Amino acid sequence: MSPTILIYSQDPDFFLIFGHILAVAGFETRLVHNEQETLPIAAEQRPAAVVMDCQPDDASTALTCQRLKSDPTTRNIPVAALIAPSAGLLHVDLIKAGVDETFSRPFAPEKLLSWLNAKVSARDASIETTAGDLVFGDFRLERRGYRVFFQDVWIAMPPIEFKLLRHLMARPGIVFSREDLIEAAWPEHATDADLRSVDVHIAKLRKTLKKALGRDVIRTVRSAGYSFAPHW
């Protein structure tokens, strides 16, 4: 599935131009017109980024950015402001609102595409800390305590499911076979586990995560296995 970019604009021509540029680069786009609809759509769809058309005297762009950055469900979504000529005074307001990047128009589209691709790459990568904890977006998996946090909220789960999640999350999007997951979650007692055991624990893990996140992030690939797919 292609990454989705929300384009915030009240100008149809702006959307057509930048929507086309992003589509050619492999992104899906969706137009939002005002601050009232931007936050719920961003919270539901979890886009790769929000690109804002900033026109002179349009205070709604800074307000929308502030709302996105102050809400726990959307604060980590990157926001780029494309600032029109004569709208330079918006720079300060946007920076105060928490905007991630600003582009003064006109500019080379490659600059925006490079920024978006970097954000998508960062979003789809896991980081292991020196302590052995795994960090992915809003997730943090603490190895020593077998504890999972999402947006700093603890998600309780038993060690087997923690190990399954850690193995899947270490390489997002990669499909792991049931045999792979047995080795990851039952390394010392692999003979005690069977393929059905994997299915049972994955089902429990899926239910736990869906309850905490409000969406399914475990993907089942028939006859192949499972993957961690937070954006599918």
Side-chain angles (χ1 to χ4, degrees), residues 1-5 26-28 42-49 72-78 116-232:
M1 181 179 294
S2 300
T4 298
I5 308 297
F27 294 97
E28 298 286 341
E44 178 185 356
Q45 296 198 354
R46 304 289 295 178
T73 61
T74 58
R75 65 186 176 192
N76 289 329
I77 298 174
L116 288 173
N117 285 323
K119 294 302 179 183
V120 169
S121 296
R123 182 185 73 156
D124 293 339
S126 296
I127 300 172
E128 186 167 358
T129 69
T130 55
D133 297 341
L134 192 68
V135 178
F136 179 92
D138 292 331
F139 280 95
R140 186 175 79 257
L141 277 61
E142 295 183 352
R143 183 191 61 175
R144 293 181 180 177
Y146 288 94
R147 297 196 301 174
V148 178
F149 293 88
F150 180 75
Q151 295 178 351
D152 296 326
V153 176
W154 177 43
I155 304 174
M157 64 180 63
I160 290 292
E161 283 147 43
F162 175 91
K163 292 177 182 178
L164 289 171
L165 177 60
R166 181 182 174 85
H167 193 72
L168 292 168
M169 192 180 292
R171 299 180 66 188
I174 300 298
V175 179
F176 292 96
S177 69
R178 291 167 175 83
E179 290 81 4
D180 293 332
L181 296 175
I182 286 175
E183 291 183 10
W186 292 270
E188 299 176 0
H189 307 285
T191 56
D192 297 337
D194 56 26
L195 301 185
R196 178 57 182 163
S197 298
V198 175
D199 294 336
V200 169
H201 284 281
I202 285 289
K204 293 179 179 179
L205 175 61
R206 172 181 277 127
K207 183 178 180 180
T208 299
L209 294 176
K210 190 172 183 179
K211 181 179 179 181
L213 279 65
R215 65 185 190 279
D216 192 3
V217 293
I218 303 294
R219 178 173 170 239
T220 301
V221 180
R222 188 174 181 180
S223 300
Y226 300 97
S227 71
F228 179 70
H231 314 302
W232 76 304

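Everything quoted here is computed from the prediction, not taken from an experiment. The first residue of the sequence shown is numbered 1, and numbering continues consecutively from there.
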Exercise. Mind checking what makes side-chain contact (heavy atoms from CB on, under 4.5 Å) contact with Ala224, not counting sequence neighbours?
Worked result: Val175, Val221
Exercise. Is the shortest heavy-atom distance from the side chain of Asp216 to the side chain of Ile218 under 4.5 Å?
Worked result: yes
For this session: Kindly compute the distance separating CG (Leu165) from CG (Leu181), expressed to the nearest 0.5 Å.
Result: 11.0 Å
Exercise. Which pair of heavy atoms, one from Arg178 and one from Leu195, lies closest together, and at what distance?
Worked result: CB-CD2, 3.5 Å
Seminar exercise, completed: Here the pair of heavy atoms bringing Ala131 nearest to Arg143 is O-NH2, 3.3 Å
For this session: With the side chain counted from C-beta on, respond yes when Leu209 and Phe139 share a heavy-atom pair under 4.5 Å apart, and no when they do not.
Result: yes
For this session: Can you establish whether the number of heavy atoms outside Arg75 located under 6.0 Å from its atom CZ is more than 12?
Result: yes
For this session: For Leu164 and Ala185, work out which heavy atoms get closest and say how close.
Result: CD2-CB, 3.7 Å
For this session: Could you tell me whether the side chains of Arg206 and Thr220 share a donor-acceptor contact shorter than 3.5 Å?
Result: yes
Problem set entry | side-chain contact (heavy atoms from CB on, under 4.5 Å) between Tyr226 and Ile174, worked out | CA-CA 8 Å; Tyr226 300 97; Ile174 300 298; over 6 Å; no
Exercise. Under 3.5 Å, side chain of Asp180 to main-chain N/O of Ser177, donor-acceptor pair present?
Worked result: yes
For this session: Hey, could you give me the CZ/CG distance between Arg147 and Leu141, rounded to the nearest 0.5 Å?
Result: 11.5 Å
Problem set entry | Phe176 to Leu168 - nearest heavy-atom pair and separation | CD1-CD2, 3.7 Å
For this session: Inspect the contact between Glu161 and Lys163 and indicate whether a charged nitrogen and a carboxylate oxygen are less than 4.0 angstrom apart.
Result: no
For residues 149-160, run the donor-acceptor check on the side chains, cut-off 3.5 Å, and write out each pair with its distance to 0.1 Å, sequence neighbours left out.
residue, atom, partner, partner atom, Å
Gln151, NE2, Pro72, O, 2.9
Gln151, NE2, Asp138, OD2, 3.1

Exercise. Passes salt bridge (Lys or Arg N to Asp or Glu O under 4.0 Å), Arg166 versus Glu142? Steps please.
Worked result: CA-CA 10 Å; Arg166 181 182 174 85; Glu142 295 183 352; over 6 Å; no
Seminar exercise, completed: Interatomic distance, CD1@Ile5 vs CD@Gln45, rounded to 0.5 Å, equals 11.5 Å
Exercise. Taking all atoms of both residues into account, what is the closest heavy-atom pair of Pro3 and Ala48, and its distance?
Worked result: CB-CB, 3.9 Å
Exercise. Sequence neighbours excluded, which residues qualify as side-chain contact (heavy atoms from CB on, under 4.5 Å) partners of Ser126?
Worked result: Leu134, Phe136, Met169, Pro172
Problem set entry | Asp133 CG to Arg144 CZ distance, which is reported to the nearest 0.5 Å | 8.0 Å
